[in-house]
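Encoded as structure tokens, the structure appears first; notes follow it.
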There are 2 protein chains.
Amino acid sequence: MLSKKTKYGLKALAYLASRKDRQPVQIAEIAREENISQKFLESILLTLRKNGFLGSRKGKGGGYYLIKDPKDIPMTSVMRVLEGPIAMVPCVSLNFYEPCADCPDEASCAVHKLMLQVRDSALEVYRHNTLADIL
Amino acid sequence: MLSKKTKYGLKALAYLASRKDRQPVQIAEIAREENISQKFLESILLTLRKNGFLGSRKGKGGGYYLIKDPKDIPMTSVMRVLEGPIAMVPCVSLNFYEPCADCPDEASCAVHKLMLQVRDSALEVYRHNTLADIL
DNA sequence: TGAAAAGTCTACCAAATCAATAGGATAAAT
DNA sequence: ATTTATCCTATTGATTTGGTAGACTTTTCA
């Protein structure tokens with residue numbers, strides 16, 4: 001299942017991207033328009049900022065804004081930051097690889113074989129979609 | 001993340017499939033060979049039986065065995081039984097569809113648009129893989 | 001200069017889910 | 001009758017998830 005965090009994060013990014021100008025948008029506005037708990041959204045936008053997707057300004061007229069062009073934001077990076085590894089199992093993860101403790105041989109592991117394909121297919125989707133593509 | 005339940009279930013199915021004969025195999029043997037908690041595996045094999053993948057026999061010489069030929073067991077059905085919906089979000093699920101409470105219009109939802117592609121690509125992998133394929 | 005606006009940060013909490021365990025009930029074989 | 005092995009229910013401990021509370025900091029503007 002996709003976590004609410006990722007879902008809300010994606011919606012917020014899409015909302016910001018749909019704004020032609022790159023003026024700051026308040027958390028409250030995004031939360032209201034996208035039906036998201038404001039406090040929860042706060043923490044999500046914070047991690048998006050800390051990971052280089054968003055900029056922010058405090059005080060009156062402040063808010064969050066996109067730092068990059070939507071077409072330069074691949075879904076791979078968004079998903080990795082919000083949802084974590086794209087692979088469903090650490091032993092097939094590119095960025096978060098870990099061997100399975102219980103599995104003596106990856107090459108002959110049925111789960112490994114299947115999940116490798118699933119990872120590749122998911123990766124292809126995320127790589128071919130930027131924020132601009134899903135608006 | 002893939003649940004341990006699914007992981008263990010897949011391993012158990014693969015173990016049974018790798019046995020040429022379709023003689024019953026005891027839970028204890030599968031648990032030992034695949035490094036799985038026996039009690040946990042019990043409940044997993046039980047649901048696999050209730051869902052028509054396995055047959056069982058009690059008493060001495062009993063155990064679990066595959067009911068169908070491995071090449072007639074598509075990963076779609078295994079995943080749906082063990083892991084649940086293949087879609088990461090209910091609003092793009094074929095078998096477990098549910099609208100999002102917060103989303104006014106699916107057609108214009110960025111999450112929907114992306115997750116639809118992810119579902120399709122995962123589905124394609126699962127459909128093209130039978131138990132026989134991942135041995 | 002000070003009040004209001006808005007993001008930042010830390011801590012906490014309730015509910016759900018996950019992985020596993022315990023222990024007895026049932027059925028089959030010998 | 002005894003042993004073997006699955007069947008079933010209940011419980012538990014740990015972790016994750018989604019969300020809340022509240023104080024702090026920075027910026028704007030009257």
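Every value quoted in this text rests on a predicted model; they were computed, and no experiment measured them. Every chain is numbered from 1 and lettered A, B, ... according to where its sequence line falls, protein lines coming before strand lines.
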Rounded to the nearest Å, what distance is computed from the CG atom of residue A/Leu41 to the C1' atom of nucleotide D/dT20? 14 Å
Given side chain to side chain contact (heavy atoms under 4.5 Å, CB included), test B/Phe40 with B/Lys4 step by step and report yes or no. CA-CA 10 Å; B/Phe40 192 20; B/Lys4 301 262 182 188; 4.0 Å; yes
Over how many whole Å does the gap from B/Leu54 atom CG to D/dA5 atom P extend? 18 Å
Any salt bridge linking B/Asp102 with A/Lys11? Criterion: basic side-chain nitrogen under 4.0 Å from a carboxylate oxygen. yes
Its contact letters, B for base, S for sugar-phosphate only and - for none at protein heavy atoms under 4.0 Å, make nucleotides 25-30 of chain C read -BSBS-
Would you say that A/Val78 contacts A/Phe53 through its side chain, given a criterion of any heavy-atom pair below 4.5 Å between the two side chains? yes
Tell me whether B/Ile67 shares a hydrophobic cluster with B/Leu135, the cluster being built from Ile, Leu, Val, Met, Phe, Trp, Tyr side chains joined at under 4.5 Å. no
Step by step, would you call A/Arg119 with A/Leu114 a side chain to side chain contact (heavy atoms under 4.5 Å, CB included)? CA-CA 9 Å; A/Arg119 182 209 66 189; A/Leu114 181 63; over 6 Å; no
Measure from the side-chain N and O atoms of B/Asp72 to the backbone N and O of B/Lys68, and report whether any donor-acceptor pair falls under 3.5 Å. no
A/Ser93 side chain to A/Glu98 side chain, donor-acceptor N/O pair below 3.5 angstrom: no
Using whole Å, what does the distance between atom P of nucleotide D/dG19 and atom CD1 of A/Ile44 come to? 8 Å
Quick one about A/Glu29 and A/Tyr15 (side-chain donor to acceptor, distance below 3.5 Å, no hydrogens or angles considered), yes or no? yes
For B/Met1 and A/Val89: C-alpha separation, side-chain torsions, deciding distance, then whether side chain to side chain contact (heavy atoms under 4.5 Å, CB included) applies. CA-CA 6 Å; B/Met1 276 284 287; A/Val89 129; 5.9 Å; no
Would you kindly give the CD-to-C1' distance between A/Glu29 and C/dA5, to the nearest whole Å? 15 Å
Scan side-chain atoms only and decide if A/Ser121 and B/Glu124 contain a donor-acceptor pair under the 3.5 Å cut-off. no
With a non-hydrogen cut-off below 4.0 angstrom, is B/Lys7 in contact with a base, only sugar-phosphate, or nothing? nothing
Same apolar cluster: A/Val118 and B/Leu94, side chain cutoff 4.5 Å: yes
Nearest-angstrom distance from the residue atom CZ of A/Arg49 to C1' of C/dA6: 13 Å
Grab the NZ-C1' distance between B/Lys50 and D/dT6 for me, whole Å please. 12 Å
Rounded to whole angstrom units, what separation is found between the CG atom of B/Leu46 and the P atom of D/dA10? 15 Å
Along nucleotides 13-22 of chain C, 5' to 3', which nucleotides get a B, which get an S, and which get a -, given that the test is a protein heavy-atom distance under 4.0 Å? ------SSBB
For DNA chain C, the residues among residues 79-90 of chain A that have a non-hydrogen atom under 4.0 Å from it: none
Identify whether any heavy atom of A/Ile27 sits under 4.0 Å from a base atom; if not, whether one sits that close to sugar-phosphate; answer base, sugar-phosphate or nothing. sugar-phosphate
